[in-house]
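A short write-up of the structure that comes next.
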2 protein chains.
Amino acid sequence: MHNNQFKKGELYSFITGKASTAIARRLQKKLNQAELNITIEQWSVLYHLWKKHGLSQQELCNATFRDKPSITRLVDNLEKQNLVKRVPSENDRRINLIYLTKQGQKLEEQTMRLADQTLTEALKTVPASKIEMCKEVLQIVYNNLT
Amino acid sequence: MHNNQFKKGELYSFITGKASTAIARRLQKKLNQAELNITIEQWSVLYHLWKKHGLSQQELCNATFRDKPSITRLVDNLEKQNLVKRVPSENDRRINLIYLTKQGQKLEEQTMRLADQTLTEALKTVPASKIEMCKEVLQIVYNNLT
DNA sequence: TTTGATTAGTTGTATAAACAACTATATGCA
DNA sequence: TGCATATAGTTGTTTATACAACTAATCAAA
């Protein structure tokens, strides 16, 4: 099959991200059912803060592939819900360091379990070797475009 | 490698759809540079109308995996830009059939070329066999979740 | 040291998505 | 026929994204 010929047929689902949209919706549904009252976008910010406390907003931009206004507003909403706190950096007064509150820390275990469940459901029946290859392709795509 | 162990590590990019987000952004940039003045979401609706004229809004919902309010507003905006027209169905007065205007029809060739370019750039250096396998995995994921 | 450029973050505006509640029309069955 | 139910589409609200324009702080080079 010619590469180009192939691509045309697959164009739509690659561009619209059918699969990742479905994964995100499933996780959102689980978060709602557990009455955790956070969005997947908020979860994706918390995810990085659980791994490393006290990231700056700019670091969150890089980690989550969002622009600065998006992070400003996500942090606004997370702060309103008392899940994180902005702390001005002492070294550089332009920078806000974002810290989890106790409430924000508490969400880690449960939401990570839900995320893990979501992926288990999504990748059910897919052999590990194929997942690995798929992951590689998606990483190459990302690298090609950034 | 244990399947479960694998998944935890990949959790983030699977859920956030890094790759498809990057593809969509690249296409949006091309549309902007060509001053076509449409969003990728609008493009995704037009895409289905180019394939088949006179779809109902509900059919557009199914085709684009969006809910009804989303399609209502996308069609609103496409109509404002004179790219499509709502035509009440004669058989069933609940239904709007959506038709392309001449202006909407004209966009097909150029935007499909840009979409094709985008995928060529995204999949550059990825062998066709791997793309095929990746496509299969993404389809299974989608089926698993819907 | 001063000034011009860079970096971090915010605000305004437009578009879009998800959910709930709503209207209007059609269908099906008693 | 008539009423309950299902279907198609709209509207309201909240959250998120992208882009542009903005402020404040820092850096760097003359």
Side-chain angles (χ1 to χ4, degrees), chain A residues 16-18 20-22 24-33 35-45 54-81 83-84 86-98, chain B residues 16-18 20-22 24-33 35-45 54-81 83-84 86-98:
Chain A
T16 57
K18 259 174 57 174
S20 58
T21 304
R25 281 183 187 153
R26 174 65 61 97
L27 175 55
Q28 183 68 69
K29 197 162 288 177
K30 286 181 189 291
L31 293 169
N32 294 345
Q33 279 165 354
E35 297 183 52
L36 292 175
N37 211 34
I38 58 170
T39 65
I40 26 168
E41 292 84 2
Q42 291 172 353
W43 176 86
S44 80
V45 170
L55 293 172
S56 71
Q57 295 188 198
Q58 183 57 55
E59 287 171 320
L60 285 172
C61 291
N62 300 336
T64 65
F65 322 111
R66 288 183 173 85
D67 68 358
K68 291 190 290 180
S70 295
I71 289 297
T72 292
R73 278 137 184 166
L74 279 170
V75 172
D76 285 350
N77 285 334
L78 287 166
E79 228 177 10
K80 272 185 212 152
Q81 294 178 258
L83 298 175
V84 306
R86 280 178 170 96
V87 178
S89 163
E90 297 190 348
N91 305 330
D92 185 336
R93 290 190 299 158
R94 292 171 302 182
I95 294 178
N96 289 334
L97 299 176
I98 312 301
Chain B
T16 56
K18 259 174 56 175
S20 58
T21 304
R25 281 182 186 153
R26 173 65 62 95
L27 175 55
Q28 183 68 69
K29 196 162 291 180
K30 285 181 190 293
L31 293 170
N32 294 345
Q33 280 166 354
E35 297 182 51
L36 292 174
N37 210 35
I38 59 170
T39 65
I40 26 169
E41 293 83 3
Q42 292 172 354
W43 176 85
S44 81
V45 170
L55 293 171
S56 71
Q57 293 188 199
Q58 184 57 58
E59 288 172 318
L60 285 171
C61 292
N62 301 337
T64 64
F65 323 111
R66 290 184 170 84
D67 68 358
K68 290 190 292 181
S70 296
I71 289 296
T72 293
R73 276 135 184 167
L74 279 170
V75 173
D76 285 349
N77 284 334
L78 287 166
E79 229 178 7
K80 272 185 212 152
Q81 295 177 259
L83 298 175
V84 307
R86 281 177 169 96
V87 179
S89 163
E90 297 190 348
N91 305 329
D92 186 335
R93 289 192 300 159
R94 292 172 302 182
I95 294 178
N96 290 332
L97 299 176
I98 312 300

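As the structure is a prediction and not an experimental result, all values here were calculated from the model.
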Assert: residue with more 5' nearest nucleotide on DNA chain D, out of B:Gln58 and A:Lys80, is B:Gln58
Counting only distance, no hydrogens or angles, is the base of D:dG9 paired donor-acceptor with the side chain of B:Arg66 under 3.5 Å?
no
Looking only at side-chain atoms of A:Asn77, point me to the closest of C:dA16, D:dA8, D:dA16.
D:dA16
Base, sugar-phosphate, or nothing for A:Leu74, non-hydrogen atoms under 4.0 angstrom?
sugar-phosphate
B:Arg94, nearest nucleotide to its side chain (from D:dT7, C:dA8, C:dA17)
D:dT7
Ignoring hydrogens and geometry beyond distance, is a side-chain donor-acceptor pair present between B:Gln28 and B:Asn32 at under 3.5 Å?
yes
Testing C:dA17, C:dT11, D:dT11 for proximity to the side chain of A:Pro69, the answer is C:dT11
Of D:dA8, D:dA18, C:dG9, the nucleotide closest to the side chain of A:Ile95 is C:dG9
Could you please name the option among D:dT17, C:dT10, D:dG9 that lies closest to any side-chain atom of A:Arg73?
D:dT17
Given C:dT15, C:dT25, D:dA8, identify the nucleotide with an atom nearest to the side chain of B:Arg93.
C:dT25
Out of D:dG9, D:dA18, C:dC19, which nucleotide sits closest to the side chain of B:Asp67?
C:dC19
CH2 (A:Trp43) and NZ (A:Lys30) are apart, to the nearest 0.5 Å, by 13.0 Å
B:Asp76 with B:Arg86: basic N within carboxylate O range, under 4.0 Å:
yes
Taking the side chain of A:Asn32 as its heavy atoms from C-beta onward, which of C:dA18, C:dA26, C:dC19 lies nearest to it?
C:dC19
